[in-house]
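Each chain gets a letter, A, B and so on, in the order the sequences are listed, and its residues count up from 1.
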Amino acid sequence: MKRTHLCGELTQDDIGQHVVVCGWVNRRREHGEHLAFVDLRDHSGVVQCVVDNSVDVRSEYVLEISGTVTQRPDGTINENLSTGQIEITDAEVNILSVAEPPPFPMDDRADDVDEMVRLRHRYLDLRRPRMQRNLRVRSQVNAAVRSAMVNQGFVEVETPMLMPTTPEGAREFIVPSRQRPGSFYALPQSPQLYKQLLMVSGLDRYFQIARCLRDEDLRADRQYEFMQLDMEMSFVDVDDVLSAVEVSVLDAAEAVTGVRPDEIPRITWHEAMNRFGSDKPDLRFEMELVELTDVFSATDFKAFATAESIKGINAPGAAADWGRNKLDALTDTAKSFGAKGMVWIKVGADGSFDSPVAKFMSETEQQELAKRLGASEGDLLLMIADDWLTTCEVLGELRNRMGRPPVSQGPYRYVWVVDFPLFVGVDATSGLPRPGHHPFCHPHPEDFELLESDPTKVRAWAYDLVLNGWELGSGSIRIHDPELQRRVFDILGISRDEAEERFGFFLNPFKYGAPPHGGFAYGLERLAAILAGEENIREVIAFPKPQSGLDPMTGAPGLVDEGQLTELGLAVLPPPVD
RNA sequence: GGUCCCGUAGUGCAGUCUGGAGUGCACGCCGCCCUGUCAAGGCGGAGGUCGCGAGUUCAAAUCUCGUCGGGACCGCCA
């Protein structure tokens with residue numbers, strides 16, 4: 001090895017040693033012909049090298065520098081540098097590569113550079129300390145999660161990337177088959193099918209750090225391809241799954257931050273909706289939804305008189321920031337989430353109400369309203385009246401808009417949301433309940449008798465893990481009993497023939513003895529991004545894609561030649577004309 | 001499929017509302033000077049299809065329409 005030390009690792013303990021370091025020129029400072037400073041950078045940090053003669057090295061040249069580690073002279077110590085006590089003197093410079101000036105600086109000034117420029121030169125962007133750190137966070141998360149699962153007796157199994165298409169769920173990426181032109185594989189949205197079959201196979205405890213692909217629109221927390229900790233276990237209840245997952249999450253968090261989070265609290269889906277208006281509540285701030293239905297039980301205010309549920313939130317001190325135009329826009333926002341309207345009240349001096357609808361409320365109603373919401377001067381009160389779910393959901397959105405910090409900021413607030421409903425609402429055309437998660441979720445046994453009579457009240461053994469308002473992942477106990485599965489399909493209006501056609505290859509193996517089982521999967525980029533203090537998972541992915549899905553560095557996707565198409569039995573249609 | 005925001009030198013911006021010569025700032029880059037600097041300093045210099053295309057106008061970075069690219073979000077993501 002040519003290199004004896006890493007740049008950032010040199011300390012006063014190395015004084016007097018002859019060392020060889022390799023890296024990139026972070027900065028060069030020349031002082032005439034006989035003195036120059038070269039800050040040499042590798043992934044570990046930067047060290048200053050003192051060159052006693054003129055040497056033509058520019059930013060990002062790759063150098064091998066040999067010299068002697070020396071205590072810096074008095075008054076030249078750099079407190080901002082971990083190696084600032086020492087420097088490499090009598091430096092001999094060997095240029096390993098020359099470099100053109102990079103399009104942006106290799107430090108945090110490039111945080112402000114247009115992300116497309118960074119992605120086009122991602123190999124340079126990744127040289128920056130922030131990105132080096134983020135990739136290493138990913139690696140720490142992967143390592144901690146893998147060993148947490150192995151230590152708990154889970155077996156790592158790799159499942160196929162080429163699998164049959166399935167009609168359910170996210171849009172799939174499709175791969176044409178050469179040996180059977182006209183036939184197609186799909187890339188996995190998740191290893192869901194295989195992991196449940198592995199339970200039938202008696203693996204008992206399976207996990208995989210699995211690549212998943214979904215051809216859906218991209219977002220700050222969504223890429224076409226992403227990694228999940230995917231797991232499944234047999235002969236377990238909800239507690240067993242949650243605690244196994246929790247160990248891996250806490251281990252990963254501890255590995256990155258050095259602090260082990262407390263045990264993750266649990267709330268039910270109903271409580272999450274009722275208090276925070278969201279199934280992924282951000283617990284870093286209060287502003288809880290306040291129950292007001294009974295306050296207006298005999299009101300003259302028409303908009304409130306017939307509503308099933310009335311709730312409100314108090315944005316403390318926000319009145320001054322919200323002028324009439326902004327409040328009108330906020331009302332439109334509330335409507336876009338399904339509300340019929342939004343009531344706002346600015347609290348003035350002596351608790352007086354400034355609101356277009358205050359005159360419709362009685363004195364008693366106003367006083368009780370103010371008391372429930374803890375209103376004081378300068379506060380902005382927002383209220384929604386609708387059916388319970390709409391009221392909760394709309395206020396939850398408003399709560400996030402009024403108070404939610406950036407996802408990366410502040411403490412880490414994990415929460416398990418449990419007892420999701422088995423069905424969510426009723427399909428408008430068919431009148432049939434719609435599955436909340438997927439049709440294989442195990443109903444909560446306490447609610448079995450409601451399955452046919454009042455299906456939307458049935459809870460499922462289904463659960464999500466939430467961190468700072470981001471859904472990290474979800475899972476459930478699965479149905480392993482064909483009779484129960486048949487019952488759920490009946491409720492969903494799925495006939496025996498249809499079930500056989502759509503799910504047969506998946507469910508038929510259960511005839512041969514399926515153990516009770518359940519599992520979970522969570523997004524590793526989402527966890528890593530928040531642990532790294534990033535608001536966007538692209539920042540913890542080496543080569544991510546922008547919202548268009550087009551890769552600015554490689555140009556993918558691209559055309560293929562006619563021969564490839566012919567071999568696959570494919571022809572490309574002309575673009576549709578509008 | 002939809003809503004909103006953005007596009008000016010290698011990079012980040014100002015200029016656009018209220019049309020008047022590519023007017024300007026910072027960093028970077030190039031050259032010279034400089035023996036203790038450290039996101040060095042001094043002097044000088046180069047660098048522009050104002051995303052692209054139409055339109056209005058005597059005149060467009062600026063106004064209008066279209067289009068391309070980017071971002072946040074809604075839909076979508078069982």
message: So A/Thr76, base contact, sugar-phosphate only, or nothing? Heavy-atom distance under 4.0 Å.
response: base

field: Out of B/C34, B/U11, B/G36, whichever nucleotide has its closest atom nearest the side chain of A/Val113
entry: B/U11

- prompt: Which part of the nucleic acid, if any, lies within reach of A/Asp112 when heavy atoms closer than 4.0 Å are counted: base, sugar-phosphate only, or nothing?
  reply: sugar-phosphate

query: Mind checking what makes side chain to side chain donor-acceptor pair (under 3.5 Å) contact with A/Glu172, not counting sequence neighbours?
result: A/Thr166, A/Gln189

statement: In whole angstroms, the gap separating P of B/G41 from CG of A/Leu35 amounts to 16 Å

field: Closest to the A/Asp107 side chain, choosing from B/A39, B/A40, B/C77
entry: B/A39

message: Applying a 4.0 Å non-hydrogen cut-off, can you work out what A/Phe104 is touching in the nucleic acid: base, sugar-phosphate, or nothing?
response: nothing

- prompt: A/Leu81: what forms a side-chain contact (heavy atoms from CB on, under 4.5 Å) with it, not counting sequence neighbours?
  reply: A/Val46, A/Arg72, A/Asn78, A/Thr83

- prompt: Heavy atoms under 4.0 Å, any strand shown: does A/Glu60 hit a base, just sugar-phosphate, or nothing?
  reply: nothing

query: Under 4.0 Å between a side-chain N/O of A/Asn536 and OP1 or OP2 of B/A72, yes or no?
result: yes

message: Under 4.0 Å from OP1 or OP2 of B/G69: is there any side-chain N or O of A/Ser548 that close?
response: no

- request: For A/Phe423, enumerate each residue passing the ring-ring contact (aromatic ring centres under 6.0 Å, His included) test, keeping only those at least two apart in sequence or located in another chain.
  value: none

query: Closer than 4.0 Å, any side-chain N/O of A/Arg538 to the OP1 or OP2 of B/A72?
result: yes

A/Arg399 to A/Phe285 six-membered ring, cation-pi geometry met (6.0 Å, 45°): yes

query: Do A/Arg401 and B/C73 have a side chain to base donor-acceptor pair shorter than 3.5 Å?
result: no

query: Excluding sequence neighbours, so at least two apart, what forms ring-ring contact (aromatic ring centres under 6.0 Å, His included) with A/Phe510?
result: A/Phe506, A/His517

For A/Gln192, side chain to side chain donor-acceptor pair (under 3.5 Å) partners two or more places apart: A/Gln196

query: Should A/Gln547 be listed as having a side-chain N or O under 4.0 Å from OP1 or OP2 of B/A72?
result: yes

field: Which residues share a side chain to side chain donor-acceptor pair (under 3.5 Å) with A/Asp551, sequence neighbours left out
entry: A/Thr554

statement: Within residues 119-132 of chain A, those residues having any heavy atom closer than 4.0 Å to RNA chain B are none

query: Hey, is A/Asp125 close enough to A/Arg128 for a salt bridge, meaning N to O under 4.0 Å?
result: yes

- request: Report the residues that fulfil side chain to side chain donor-acceptor pair (under 3.5 Å) with A/Asn400, sequence neighbours left out, ordered by chain and then residue number.
  value: none

- request: Determine: side-chain N/O of A/Arg29 to OP1/OP2 of B/A40, distance under 4.0 Å, yes or no.
  value: yes

message: I'd like to check the side-chain contact (heavy atoms from CB on, under 4.5 Å) partners of A/Glu115; sequence neighbours left out, ordered by chain and number.
response: A/Arg118, A/Leu119, A/Arg538

task: Look at all strands and tell whether A/Asp108 reaches a base, only sugar-phosphate, or nothing, counting heavy atoms closer than 4.0 Å.
output: base

task: Would you please name every residue forming a ring-ring contact (aromatic ring centres under 6.0 Å, His included) with A/His444, sequence neighbours left out?
output: A/Trp461

Taking only nitrogen or oxygen atoms into account, show me every contact under 3.5 Å that the protein makes with nucleotides 28-32 of chain B, one pair per line with its distance.
from, atom 1, to, atom 2, distance (Å)
B/G28, OP1, A/Arg27, NH2, 2.8
B/C30, OP1, A/Arg58, NH1, 2.6
B/C30, OP2, A/Arg58, NH1, 3.3
B/G31, OP2, A/Arg58, NH1, 3.3
B/G31, OP2, A/Arg58, NH2, 3.2

statement: To the nearest angstrom, the CG-C1' distance between A/Asp39 and B/A40 comes to 11 Å

- prompt: With a non-hydrogen cut-off below 4.0 angstrom, is A/Pro103 in contact with a base, only sugar-phosphate, or nothing?
  reply: sugar-phosphate

query: Heavy atoms under 4.0 Å, any strand shown: does A/Asp114 hit a base, just sugar-phosphate, or nothing?
result: sugar-phosphate

task: Specify the residues of residues 211-230 of chain A, ordered by number, for which at least one heavy atom lies under 4.0 angstrom from an atom of RNA chain B.
output: A/Arg214, A/Glu216, A/Asp217, A/Arg219, A/Ala220, A/Arg222

- request: Have a look at A/Glu30 and say if it touches a base, only the backbone sugar-phosphate, or nothing, with a 4.0 Å heavy-atom cut-off.
  value: base

